[in-house]
> 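Input: one structure, supplied below.
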Amino acid sequence: MDEIENVIVVGSGPAGYTAALYTARANLHPLVIEGFAWGGLLQQTTDVENYPGFPDGVMGPEMMQKFRDQAERFGARLVTEQADRVQLASEPGGIHSVWVGDTEHRARTVILSMGAEHKKLCVPGEMELAGRGVSYCATCDAAFFRGGQTIIVGGGDSAMEEAIFLSKFASKVTIVHRRADFRASKIMLDRARAQENIELLTPYTVKEFVAGENGALGHATLTNTETGEEREIPVTGAFVAIGHEPQSGIVKDQVDVDEDGYVVTEGKSTRTKLPGVFAAGDLVDHTYRQAITAAGSGCEAALDAEWYLRDTPEVPTPVEMPEGDLAEAQWAAPAARPA
């Protein structure tokens, strides 16, 4: 309680670890509350082939371990537990609090990088076959299904974008949607329909994913939402594109979030509406959601935090006098770690 950190990073993944690396190299001694499931969505990914610097590809968990090790090498301190709640100051120079269980950590700046989770269908076989045919990112994994039969589950613009991208690799892409009407914009729907190897299949939902003889995805069982009829579609790849859930729960009542729960930042910066509070990665990103863009925004958040610390004077805090002492209350600036 007596020590006030320069920087607390809440979350991990490419954004959190990059922010930790940059603030550590700036001699700000960041404290990283990385969570139990450290590494973010890349811990659920197999081969990563589109991150620069890995010409032969790299496994998602291996890449996250490298990010983590590099941040730690320069002095980032890691707490592998969940942040349970926060109290963010509203005045410039104020002190922010982050609780892990009953332990309070205080800091002059906080970088939020809790990421987002893919929305799941929650059907049998989905979790068991994740990374073995079931995926949540065609941009990441489409090349693994070159020449294969695939499905996209969803009906919005993201599903159409995923299907169009996937159609460059797969021999056939079937868009499975639960209603005859699509949420996608007309232009995106028309673009999908214009692709010869894209088929729209409605009104169906996925009942289960089933493994083939090789242990990877073999087929999907679908259910007609109007008649109850079931049908099996042989597929080697299934992409779930029904949206994301930003992990903004512990801060959404203190910082601005949009209608989907993504933290709102100011302009092209990572600043939130609260001074000294910054946000990066998939927690703020509706559009790109790639490891490299998350890492880039983590760098930006670190630099924004460093500049804030440089330019913002600390707010003095009162020191309580012993009971019965009639002297005037003394004031003292919070003791920060060496910068």
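In this text the structure is predicted, and so the values were computed from the model without any measurement.
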> Between the side chain of S171 and the main-chain N/O of G148, is any donor-acceptor distance below 3.5 Å?
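Checking the backbone N and O of G148 against the side chain of S171, a donor-acceptor pair under 3.5 Å is found.
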> Any side-chain heavy atom of M114 sitting closer than 4.5 Å to one from V10?
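Sidechains of V10 and M114: in contact.
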> Which class fits the ring pair F182 and H177: parallel under 30°, tilted 30 to 60°, perpendicular over 60°?
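It falls in the parallel class, under 30°.
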> Please say yes or no: joined through hydrophobic side-chain contacts below 4.5 Å, possibly via intermediate residues, are I111 and V277 part of one cluster?
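No.
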> What's the separation between atom OH in Y204 and atom CG in L222, rounded to the nearest 0.5 Å?
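It is 7.5 Å, given to the nearest 0.5 Å.
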> Are L21 and Y17 packed together at the side-chain level, in the sense that at least one heavy-atom pair is separated by less than 4.5 angstrom?
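No - every pair of side-chain heavy atoms lies 4.5 Å or more apart.
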> With the side chain counted from C-beta on, respond yes when T103 and E81 share a heavy-atom pair under 4.5 Å apart, and no when they do not.
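No, too far: nothing below the 4.5 Å cut-off.
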> For a side-chain contact (heavy atoms from CB on, under 4.5 Å) check, start with the C-alpha distance between C137 and Q290, then their side-chain angles and the critical distance, and finish with the verdict.
CA-CA 9 Å; C137 178; Q290 300 296 302; 4.1 Å; yes
> Look at the side-chain heavy atoms of Ile, Leu, Val, Met, Phe, Trp and Tyr, link any pair under 4.5 Å apart, and say whether I164 and V240 land in one connected group.
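No, I164 and V240 fall in different hydrophobic clusters.
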> Can you give me the closest heavy-atom contact between A184 and M160, atom names plus distance?
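So the minimum-distance heavy-atom pair works out to CB-CG, 3.6 Å.
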> Run the side-chain contact (heavy atoms from CB on, under 4.5 Å) check on I250 and R85 step by step: do they pass?
CA-CA 6 Å; I250 64 171; R85 62 189 178 97; 5.6 Å; no
> Test your reading of the model: is there a side-chain donor-acceptor pair from H96 to the backbone of A107, 3.5 Å cut-off?
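Side chain of H96 to backbone of A107: no pair is present.
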> Could you walk me through whether R108 and I4 pass side-chain contact (heavy atoms from CB on, under 4.5 Å), step by step?
CA-CA 7 Å; R108 294 183 61 201; I4 296 178; 4.1 Å; yes
> At what distance, to the nearest 0.5 angstrom, does CD of Q87 lie from CH2 of W99?
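Those atoms lie 6.0 Å apart.
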> Heavy atoms only: give me the nearest H105-L31 pair and the separation to one decimal.
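In terms of heavy atoms, the two residues are closest at ND1-CD2, 3.5 Å.
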> Is R289 reaching over with its side chain to a backbone N or O of D282, donor-acceptor style, under 3.5 angstrom?
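Checked: no pair found.
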> Between N197 (side chain) and A170 (backbone), is there a donor-acceptor pair under 3.5 Å?
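A pair under 3.5 Å: yes.
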> Working to the nearest 0.5 angstrom, can you tell me the gap between I175 CD1 and L200 CG?
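Interatomic distance, I175 CD1 to L200 CG, rounded to 0.5 Å: 4.5 Å.
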> For a 4.5 angstrom cut-off between non-hydrogen side-chain atoms, does N224 reach P203?
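Side-chain contact under 4.5 Å: yes.
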> Can you check whether V173 reaches T150 side chain to side chain, under 4.5 Å on heavy atoms?
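SC-SC contact between V173 and T150 confirmed.
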> Applying the side-chain hydrogen bond (donor to acceptor under 3.5 Å, both in side chains) criterion to D69, which one of Q65, K66, R73 satisfies it?
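Among the candidates, only Q65 passes.
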> Going through the distances and angles, do T221 and E230 end up as a side-chain contact (heavy atoms from CB on, under 4.5 Å)?
CA-CA 7 Å; T221 302; E230 292 187 3; 4.0 Å; yes
> Find out if a path of hydrophobic residues (ILVMFWY) with successive side-chain heavy-atom gaps under 4.5 Å connects W38 to V58.
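Shared cluster, yes.
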> For the side chain of D260 and the backbone of Y262, is there at least one donor-acceptor N/O pair under 3.5 Å apart?
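Checking the backbone N and O of Y262 against the side chain of D260, no donor-acceptor pair under 3.5 Å is found.
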> Which atom names give the shortest non-hydrogen contact between L129 and V210, and what distance separates them?
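Residues L129 and V210, closest heavy atoms: CD1-C, 3.9 Å.
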> Is the closest side-chain donor-acceptor distance between E300 and T270 under 3.5 Å?
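Side-chain D/A pair, E300 to T270: absent.
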> Can you tell if the side chain of S113 reaches within under 4.5 Å of the side chain of V9, non-hydrogen atoms only?
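When only atoms from C-beta onward are counted, V9 and S113 do touch, with a gap below 4.5 Å.
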> Examine L88 and Y308 and state if one hydrophobic cluster contains both, with Ile, Leu, Val, Met, Phe, Trp and Tyr joined whenever side-chain heavy atoms are less than 4.5 Å apart.
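No, separate clusters.
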> Taking R106's backbone N and O only, do any of them form a donor-acceptor pair with S97's side chain (distance below 3.5 Å, no angle check)?
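A pair under 3.5 Å: no.
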> Which atom pair, heavy atoms only, marks the closest approach of V100 to A83?
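Heavy-atom minimum between the residues: CG2-CA, 4.4 Å.
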> Between T272 and E266, what is the shortest heavy-atom contact and its length?
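Shortest heavy-atom contact: O-OE2, 3.4 Å.
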> Once you round to the nearest 0.5 Å, how far does NZ of K207 lie from OG1 of T223?
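Spacing of NZ (K207) from OG1 (T223) equals 5.5 Å.
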> Is the OH atom of Y22 crowded by more than 12 outside heavy atoms at less than 6.0 Å?
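Atom OH in Y22 is not crowded, with 12 or fewer foreign heavy atoms closer than 6.0 Å.
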> Counting only N and O atoms by type, is there a donor-acceptor contact under 3.5 Å from the side chain of E34 to the main-chain atoms of L78?
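Such a contact is absent between E34 side chain and L78 backbone.
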> If you take all heavy atoms of A76 and V32, which pair is closest and at what distance?
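Closest pair (atom of A76, atom of V32, distance): CB-CG2, 4.2 Å.
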> Does Y136 have K120 sitting over its ring (NZ/CZ under 6.0 Å from centre, angle to axis within 45°)?
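Ring-cation test returns yes.
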> I'd like to know if the side chain of E117 and the backbone of Q247 have a donor-acceptor N/O pair within less than 3.5 Å.
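No; zero donor-acceptor contacts below 3.5 Å.
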> Keeping the roles fixed (side chain from Q254, backbone from V86), state whether a donor-acceptor pair exists under 3.5 Å.
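Yes; at least one donor-acceptor contact below 3.5 Å.
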> Does S158 use its side chain to pair, donor to acceptor, with the backbone of A241 at less than 3.5 Å?
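Flag not set: sc S158 to bb A241 has no pair under 3.5 Å.
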> When rounded to the nearest 0.5 angstrom, what is the spacing between CD1 in I33 and CD1 in I8?
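Spacing of CD1 (I33) from CD1 (I8) equals 5.0 Å.
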> Can you tell me how far the CG atom of D304 sits from the OG atom of S297, to the nearest 0.5 Å?
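It comes to 10.5 Å.
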> Side chains of I198 and E196: does their closest heavy-atom pair fall under 4.5 Å?
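When only atoms from C-beta onward are counted, E196 and I198 do not touch, as no gap falls below 4.5 Å.
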> Please check if V110 and L309 belong to a single hydrophobic cluster, counting links between Ile, Leu, Val, Met, Phe, Trp and Tyr side chain heavy atoms closer than 4.5 Å.
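No, no single cluster joins them.
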> Could you tell me if the side chain of D141 sits less than 4.5 Å from the side chain of F239, heavy atoms only?
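They are in side-chain contact.
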